[in-house]
Amino acid sequence: MITTMTETRLAQLSRLWDEFRALGFPSGFYQREPDGQCMVMMDSMLAGCVSSALSGPLNDRRRGILQTRIVVLGQILPSIGDDEYAAKYFAHLHEMVLMAAEIDNARRE
């Protein structure tokens, strides 16, 4: 069920998504793998989840990816603070995936 609060959060997520799509992937992270995590793969998997959440409820596969990768990205964020642009980019991604999970959970209630 979509509530007014969920609609508001969905509009916020849409705005964040538009901002995110205008950003370039941090060039130093094509090869850099903090904590053994490929950040290109992290980015593409989570961006796919956000895009899907904007369209409707997530399927079980995307929901699992989202839940697992939110934790991993949150753990990685402190270790990438040496690159200001990358830190902002991945913090933006993290904010979006947290919101996407919140919206998906609200849709399932």
Side-chain angles (χ1 to χ4, degrees):
M1 180 174 144
I2 302 236
T3 64
T4 303
M5 183 153 88
T6 303
E7 288 175 352
T8 301
R9 297 298 277 167
L10 197 53
Q12 290 171 336
L13 180 59
S14 181
R15 180 185 51 79
L16 288 172
W17 177 245
D18 288 342
E19 291 170 5
F20 184 76
R21 290 180 49 208
L23 300 174
F25 186 82
S27 61
F29 281 77
Y30 285 107
Q31 299 297 325
R32 186 171 167 187
E33 295 188 354
D35 295 337
Q37 296 294 321
C38 173
M39 297 308 284
V40 173
M41 183 67 77
M42 175 83 68
D43 178 71
S44 66
M45 287 191 306
L46 289 175
C49 291
V50 171
S51 177
S52 293
L54 286 167
S55 301
L58 297 176
N59 63 27
D60 290 341
R61 180 179 157 275
R62 289 215 186 264
R63 187 173 168 80
I65 290 169
L66 190 64
Q67 291 172 343
T68 303
R69 293 288 151 187
I70 283 173
V71 173
V72 174
L73 182 56
Q75 292 169 339
I76 290 172
L77 284 176
S79 71
I80 61 175
D82 61 319
D83 182 325
E84 185 179 342
Y85 179 76
K88 286 180 182 178
Y89 179 91
F90 289 112
H92 192 112
L93 178 60
H94 193 245
E95 180 182 4
M96 286 191 312
V97 296
L98 288 171
M99 195 176 297
E102 176 188 328
I103 291 166
D104 191 60
N105 288 335
R107 284 177 171 147
R108 293 173 183 269
E109 293 177 352

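Being a predicted model, the structure only gives us computed values, none of them experimental.
- Side-chain contact check for Phe29 versus Asp83: some heavy-atom pair is nearer than 4.5 Å.
- A distance of 8.5 Å separates CG in Asn59 from SG in Cys49, rounded to the nearest 0.5 Å.
- Of all heavy-atom pairs between Ala87 and Gly81, the closest is CB-CA, 4.3 Å.
- In this pair, Phe25 and Tyr30 present their aromatic rings tilted. The plane angle is within the 30 to 60° band.
- A distance of 7.5 Å separates OG in Ser51 from CZ in Arg62, rounded to the nearest 0.5 Å.
- Expressed to the nearest 0.5 Å, how far CG of Asp18 lies from CG of Leu54 amounts to 8.5 Å.
- Thr8 contributes a side-chain N or O that, together with a main-chain N or O of Thr4, makes up a donor-acceptor pair within less than 3.5 Å.
- Closest approach of Pro78 and Gly74 over heavy atoms only: CD-O, 3.5 Å.
- In this structure, CG on Leu93 lies 5.5 Å from CG on Leu73, to the nearest 0.5 angstrom.
- Atom NZ of residue Lys88 and atom CD of residue Glu95 lie 13.5 Å apart, to the nearest 0.5 angstrom.
- Both Leu66 and Leu77 are part of a single hydrophobic cluster, where members link through side-chain heavy atoms under 4.5 Å apart.
- In this structure, Tyr89 and Tyr85 have tilted ring planes: the angle between them lies in the 30° to 60° band.
- Checked by atom type, the side-chain pair Gln12/Arg9 shows a donor-acceptor distance below 3.5 Å.
- Between Phe20 and Val50 the shortest side-chain heavy-atom distance does not fall below 4.5 Å.
- Remark: of the listed residues Arg32, Arg69, Gln75, Arg69 is the sole one forming a side chain to side chain donor-acceptor pair (under 3.5 Å) with Gln37.
- Taken together through direct or relayed side-chain contacts under 4.5 Å among Ile, Leu, Val, Met, Phe, Trp and Tyr, Val40 and Ile65 form parts of separate hydrophobic clusters.
- Remark: side-chain polar atoms of Ser44 are paired, donor with acceptor, to backbone N or O of Met41 under 3.5 angstrom.
- Interatomic distance, Ile80 CD1 to Met39 CE, rounded to the nearest 0.5 Å: 5.0 Å.
- Here the side chain of Arg107 pairs no donor or acceptor atom with the backbone of Leu58 at under 3.5 angstrom.
- With hydrogens and angles ignored, the 3.5 Å screen pairs no side-chain donor or acceptor of Asp104 with any backbone N or O of Ala100.
- Using a 4.5 Å heavy-atom cutoff, the side chains of Phe90 and His94 are not in contact.
- In terms of modelled atom types and a separation under 3.5 Å, the side chain of Ser14 and the main chain of Leu10 share no donor-acceptor contact.
- Residues Ile70 and Met45 do not share a hydrophobic cluster, defined by chaining ILVMFWY side chains whose heavy atoms lie under 4.5 Å apart.
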What's the verdict on side-chain contact (heavy atoms from CB on, under 4.5 Å) for Glu33 and Ile76, showing C-alpha distance, side-chain angles and the deciding distance? CA-CA 10 Å; Glu33 295 188 354; Ile76 290 172; over 6 Å; no
